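Lettering of chains follows the sequences in order, A, B, ..., and the numbering in each one begins at 1. Only a predicted model underlies this, so the values are computations on that prediction, with no experimental measurement involved. We use all heavy atoms of the structure for the numbers below, so side chains are in, but hydrogens, waters and symmetry mates are not.
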2 protein chains.
Amino acid sequence: MRTAFYISDGTAITAEVFGHALLSLFPTEFNHKTIPFVETEEQAYAVIEKISESFQDTGERPLVFYTVVNPDVRRVIARSVGINYNFLDQFVAPLEKIIGVPSKPEKHRTHSIHEKTYDIRIEAVNYALANDDGSNLKDYKEADIILVGVSRSGKTPTSLYLALQYGIKAANYPFTEEDMGDMLKLPPALRQFKQKLFGLTIEASRLSQIRSERRANSRYASIQQCRMELREVENLYRKEKIPFLNSTKYSIEEISAKILAETGLQRRKY
Amino acid sequence: MRTAFYISDGTAITAEVFGHALLSLFPTEFNHKTIPFVETEEQAYAVIEKISESFQDTGERPLVFYTVVNPDVRRVIARSVGINYNFLDQFVAPLEKIIGVPSKPEKHRTHSIHEKTYDIRIEAVNYALANDDGSNLKDYKEADIILVGVSRSGKTPTSLYLALQYGIKAANYPFTEEDMGDMLKLPPALRQFKQKLFGLTIEASRLSQIRSERRANSRYASIQQCRMELREVENLYRKEKIPFLNSTKYSIEEISAKILAETGLQRRKY
């Protein structure tokens with residue numbers, strides 16, 4: 001199997017995202033290897049040695065996706081026996097002409113603690129944890145968004161992703177059976193922040209499956225119970241005109257991107 | 001200010017990562033606009049209309065980073081008045097020659113629920129939440145890694161990132177003052193999983209600052225207390241030969257990448 005290397009003097013996240021996106025266009029399996037924090041020439045020589053070994057072992061030239069700021073390190077990597085994709089570089093010179101200023105590469109410019117919005121993201125993660133599962137109604141004033149839905153409809157991982165990726169403060173509130181009673185009504189704690197609410201729903205069969213992994217053969221996981229709860233929350237969303245999304249077929253990345261697109265919520269990190 | 005558009009028929013995460021990495025090389029501010037889920041020609045026409053408006057408003061041709069699988073949608077976007085970067089495309093034909101098979105683009109191939117490892121990642125997130133802050137010692141058998149350290153040294157956000165990004169099950173255990181006593185010893189619950197432990201430490205002044213945001217003027221946040229606790233845990237790491245990292249200058253992305261590189265831990269998602 002051919003090896004794909006992702007190499008950087010930083011985390012190598014950019015190299016990975018680019019390389020994966022490109023390789024995912026092919027119906028081929030690869031052996032993936034990430035080597036982050038290659039910051040000295042000596043380390044770079046060790047890396048190209050590994051690339052040579054992989055070539056010898058597999059008989060196929062490895063694919064090498066790299067982003068490296070230090071020119072000495074970059075020069076070494078460029079000499080590897082792999083097929084080298086310094087994929088940012090070829091866009092730089094044309095872009096300098098368009099923007100009209102020279103590029104000014106700095107180390108650790110992305111995914112680092114030096115990013116302007118780093119503290120905001122960590123604060124948002126702490127906020128999401130402190131406001132998970134309706135645990136802290138008094139902080140809703142601070143929320144950018146409050147995700148609502150039945151237990152296990154995807155609220156918590158989505159809140160965390162919104163925080164980590166975008167620096168958005170997302171609280172989440174679960175509608176429980178106690179709320180259901182005769183007919184689900186909007187709890188007073190939520191009503192005053194109605195404009196911040198976003199509902200999640202999910203197909204009953206998928207919900208039942210997810211809940212069964214938690215508590216097999218329980219009423220909580222039964223298809224009847226799931227159907228009843230989902231009917232109640234969807235009725236509430238419609239009645240109260242709360243925007244909502246069926247999460248069944250979507251990843252948390254997709255749910256988050258859809259929420260941003262639909263609500264126009266301002267993200268704090270780009 | 002010039003606008004940078006990130007456009008896709010999926011989440012646009014790939015377009016964003018590539019575009020941000022490229023633009024971060026320039027000492028210039030941009031106005032960022034992401035438009036995900038552009039799935040029909042009609043939507044694509046609305047998008048190029050927005051690009052035209054931005055050109056008219058700013059007098060500068062917008063930069064347009066896009067990845068679109070649907071050829072009809074792609075053709076429309078390619079006709080925008082912006083400077084268009086269909087940055088994956090130019091790598092595809094040469095790569096087809098190297099790999100020896102034609103590419104087979106499919107929609108939602110990355111960042112979607114259809115990724116093989118999606119469920120593993122969500123399970124890992126749930127694991128990290130259930131095993132946050134030493135809350136669930138009996139599940140440590142299942143852990144891929146157990147992060148240890150004093151309160152507020154970065155364990156929780158790092159566990160969540162390892163789960164979300166890599167599908168790694170990371171528990172975390174806080175050493176508290178009660179553990180310190182005369183001399184910090186490894187609690188029995190941890191000793192049996194010693195090979196899974198990874199320590200975090202942090203500079204005392206930074207820790208004191210972070211704790212002060214939580215409880216200002218407390219003993220908990222005092223520099224003396226922080227120094228004492230950090231001295232104790234660092235001594236323990238050395239004595240027990242637990243690998244550790246000083247998180248002061250690193251983002252959670254960097255901490256996570258360093259942990260993977262140092263421990264050789266196998267990630268479940270690439």
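Side chains of B/R2 and A/I98 form a contact here, defined as non-hydrogen atoms less than 4.5 Å apart. Residues A/Q165 and A/S256 have side chains not in contact (no heavy-atom distance under 4.5 Å, counting atoms from C-beta outward). With a 4.5 Å cut-off on side-chain heavy atoms, B/S54 and B/F5 count as touching.
For the set B/L129, B/N126, B/V17, B/I83, the count of heavy-atom pairs under 4.5 angstrom toward chain A peaks at B/V17. Interface summary for chain B: among A/V125, A/D89, A/L160, the most heavy-atom pairs under 4.5 angstrom belong to A/L160. Annotation: maximal heavy-atom pairing with chain B below 4.5 Å, among A/E96, A/R267, A/E213, A/E60, occurs at A/R267. Of the listed residues (A/D132, A/D119, A/I99, A/V101), the one with the most heavy-atom contacts under 4.5 Å to chain B is A/I99. Chosen from A/L95, A/I35, A/T67, the residue pairing most often with chain B at heavy-atom distances under 4.5 Å is A/L95. Highest contact tally toward chain B, considering only A/A12, A/A4, A/S24, A/P105, is held by A/S24 [criterion: heavy-atom pairs under 4.5 Å].
For chain A, the nearby part of B/P102 is the backbone; its heavy atoms alone come within less than 4.5 Å. Only the side chain of A/A261 comes within less than 4.5 Å of a heavy atom in chain B; its backbone stays farther off. With a 4.5 angstrom heavy-atom cutoff, A/I122 touches chain B only via side-chain atoms. Neither the backbone nor the side chain of A/K269 comes within less than 4.5 Å of any heavy atom of chain B. In this structure, the portion of A/K249 lying under 4.5 Å from any heavy atom of chain B is its backbone and not its side chain. In this structure, chain B has no heavy atom under 4.5 Å from any part of A/L260. With a 4.5 Å cut-off on non-hydrogen atoms, A/T28 touches chain B through its side chain but not through its backbone. Looking at B/R61, neither its backbone nor its side chain comes within 4.5 Å of chain A, counting heavy atoms on both sides. Looking at B/S8, neither its backbone nor its side chain comes within 4.5 Å of chain A, counting heavy atoms on both sides. For A/Q90, the part lying under 4.5 angstrom from a heavy atom of chain B is the side chain only. Neither the backbone nor the side chain of B/R214 comes within less than 4.5 Å of any heavy atom in chain A. Both the backbone and the side chain of B/F87 come within less than 4.5 Å of a heavy atom in chain A.
Distance check: A/L23 CG to A/F18 CZ gives 9.0 Å after rounding to the nearest 0.5 Å. Within the model, atoms CZ of A/F65 and CD of A/E16 stand 11.5 Å from one another, a figure rounded to the nearest 0.5 Å. Interatomic distance, NZ of B/K258 versus CZ of B/F198, reported as 10.0 Å (0.5 Å rounding). Interatomic distance, CG of B/N131 versus NZ of B/K138, reported as 8.0 Å (0.5 Å rounding). Distance check: B/S251 OG to A/I113 CD1 gives 6.5 Å after rounding to the nearest 0.5 Å.
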>> salt bridge (Lys or Arg N to Asp or Glu O under 4.0 Å), that's the test. Do B/D144 and B/R268 meet it? Break it down for me.
In response: CA-CA 11 Å; B/D144 296 314; B/R268 304 228 161 68; 2.8 Å; yes
>> Working note: B/R121 + A/E253, criterion salt bridge (Lys or Arg N to Asp or Glu O under 4.0 Å); need CA distance, chi angles, decisive distance, verdict.
In response: CA-CA 12 Å; B/R121 281 169 57 217; A/E253 285 85 347; 2.3 Å; yes
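Between A/D139 and A/K169, none of the side-chain N atoms (NZ, or NE/NH1/NH2) sits under 4.0 Å from a carboxylate O, so this pair counts as no salt bridge.
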